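Here the structure comes first, spelled out in structure tokens, and everything after it is commentary.
Keep in mind the model is a prediction, meaning the values are calculated, not measured. Counting starts at 1 for both ligands and their atoms, in listed order.
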Amino acid sequence: MRHDSLGDSGLVVSEYALGAMTFGAETPQPEAHRLLDVFAEAGGTLLDLADVYTGGESERIVGRWLADRSQRGAMVLATKARFPLTPDRGPNDQGLSPAYLHRALDASLTRLGVDHVELYQVHGWDPLVDPEIWLPALDGMVRAGKVGAIGLSNVRGYQLERIVQVSRQLGGTVPVSIQPQYNLLARDIELEVVPAALDHRIALLPWGPLGGGWLTGKYRAEQPPTGATRLGEDPDRGVEAYAKRATPRTWAILDVLRDVAARHEASMSQVALTWLTLQPGVVSTIIGARTVSQLQDNLGARDIRLTQVDLRALDVASAPPVPDYPYRLLDDMDAERVAATHGRRSRR
Ligand SMILES: NC(=O)c1ccc[n+]([C@@H]2O[C@H](COP(=O)([O-])OP(=O)(O)OC[C@H]3O[C@@H](n4cnc5c(N)ncnc54)[C@H](OP(=O)(O)O)[C@@H]3O)[C@@H](O)[C@H]2O)c1
């Protein structure tokens with residue numbers, strides 16, 4: 001497996017990370033441990049966790065594997081905090097207040113059975129707590145040796161910019177990564193989040209790379225999902241809900257993806273993952289899998305070499321709708337300015 005630097009953290013991570021969101025839910029511990037074995041044998045090093053995954057059980061499952069297989073030294077552990085572990089948690093038992101973050105980190109370390117994690121990520125923006133308040137808490141964790149680097153998840157472009165500026169003004173630890181939803185069906189982060197991340201050398205760690213399973217081709221028009229699949233078990237689940245994603249745009253993207261996959265005698269998952277790893281700023285793509293066979297299929301993406309023709313077809317089919325203002329019109333103004341000066345068109 002290829003490896004790359006995680007922003008300016010000094011850490012090196014595998015091009016695919018293994019996400020632990022299904023552990024303890026649709027993936028029971030024995031299968032989760034097999035997934036971890038297969039991932040480690042393939043050279044994978046980055047494990048993506050969160051305190052909320054299955055109410056903390058996911059971190060415990062990973063902790064037992066680390067202890068059982070003596071894999072602590074080889075793995076880069078990335079976990080997160082921000083959301084309540086159970087719906088009945090009070091307002092101070094969630095969010096980004098320093099008091100809560102310290103408790104959340106200690107609880108994650110206990111569940112994982114480790115004394116530090118390499119990457120600690122805020123799982124989302126907190127409208128009640130400014131970055132001026134929570135960034136010093138994270139900086140303190142780095143100084144205490146409990147955290148190697150800090151990262152973000154689920155923030156807007158202007159919020160990313162603000163967090164970076166505040167961390168620089170405070171002279172503390174600057175985030176090295178951001179974890180957004182990103183895949184061929186959901187490319188809207190290219191408008192604001194990706195440019196801001198590129199500007200600050202912040203690594204993109206995309207989640208939901210297969211759109212929650214959609215990009216495997218398993219869901220069909222006018223056939224409500226059934227069986228042991230994410231949407232078979234809960235058609236209304238999250239961003240991937242059937243009613244939200246079963247649109248003409250989705251079917252058109254899947255048709256192009258199917259064609260490209262057929263040309264390469266590859267699975268649609270492998271092509272969708274390969275496309276994502278080639279996008280600017282993407283350092284490690286977080287794979288989700290229920291079973292070992294799904295993980296093996298997905299890891300096969302490492303052998304796919306897409307041509308410029310393939311990439312162009314996928315890019316065009318999946319291009320996100322771009323509002324005229326402040327995007328298209330201002331892009332044209334930028335391009336005109338550069339063309340008038342340098343005699344050529346600029347790229348956004
Ligand atoms: N930061 C955040 O807010 C956030 C949010 C979501 C996820 N994440 C992270 O990102 C990771 C990946 O996200 P995700 O699980 O949504 O990723 P995904 O790749 O979009 O979806 C994974 C799901 O697709 C299905 N699948 C995967 N490979 C398959 C294959 N080869 N053939 C058939 N079906 C396949 C499986 O579901 P079924 O078999 O059940 O259909 C699997 O659980 C998570 O584990 C977590 O670490 C982070």
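Looking only at heavy atoms of the protein, atom 11 (C) of ligand 1 is closest to Ile286 CG2, 3.4 Å. For atom 13 (O) of ligand 1, the closest non-hydrogen atom of the protein is Gly208 N, 3.3 Å. Distance from atom 21 (O) of ligand 1 to its nearest protein heavy atom, with residue and atom name: Gly212 CA, 3.4 Å.
Heavy-atom proximity to Gly211, at under 4.0 Å, picks out these atoms of ligand 1: 20 (O). Within ligand 1, counting atoms from 1 as listed, the ones closer than 4.0 Å to a heavy atom of Asp48 are 9 (C), 46 (C), 47 (O). Atoms of ligand 1 found under 4.0 Å from any heavy atom of His123 (numbered from 1 in listed order, with element): 1 (N), 2 (C), 3 (O).
In terms of heavy-atom proximity, Thr27 sits nearest to Ala32 at CG2-N, 3.6 Å.
Residue Ser269 touches ligand 1 through its side chain alone, judged by heavy-atom distances below 4.0 Å.
Look at Trp214 and you'll find every heavy atom at least 4.0 Å from all atoms of ligand 1. Taking 4.0 Å as the cut-off, Lys80 counts as a neighbour of ligand 1 on heavy-atom distance.
Aromatic ring centres of Trp214 and Tyr242 lie closer together than 6.0 Å.
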| task | List the steps, then state whether side chain to side chain contact (heavy atoms under 4.5 Å, CB included) holds for Arg60 with Glu57. | result | CA-CA 5 Å; Arg60 281 189 211 99; Glu57 184 54 17; 2.9 Å; yes
| What's the verdict on side-chain hydrogen bond (donor to acceptor under 3.5 Å, both in side chains) for Ser108 and Glu59, showing C-alpha distance, side-chain angles and the deciding distance? | CA-CA 7 Å; Ser108 283; Glu59 286 182 329; 2.9 Å; yes
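When Leu101, Thr173, Leu96 are each tested for a side-chain contact (heavy atoms from CB on, under 4.5 Å) with Leu138, only one passes: Leu101.
For a threshold of 3.5 Å applied to N or O pairs, the pair formed by Met21 and ligand 1 contains at least one separation below that value. Considering both main-chain and side-chain atoms, Thr22 never comes within under 3.5 Å of ligand 1 through any nitrogen or oxygen pair. Taking any N or O of Gln294, backbone or side chain, at least one lies under 3.5 Å from an N or O belonging to ligand 1.
Residues forming a side-chain contact (heavy atoms from CB on, under 4.5 Å) with Gln71 (at least two apart in sequence, or on another chain): Ala40, Trp65, Leu66, Arg69, Ala74, Met75. With sequence neighbours left out, the side-chain contact (heavy atoms from CB on, under 4.5 Å) criterion links Gln29 to His33, Ile61, Arg64.
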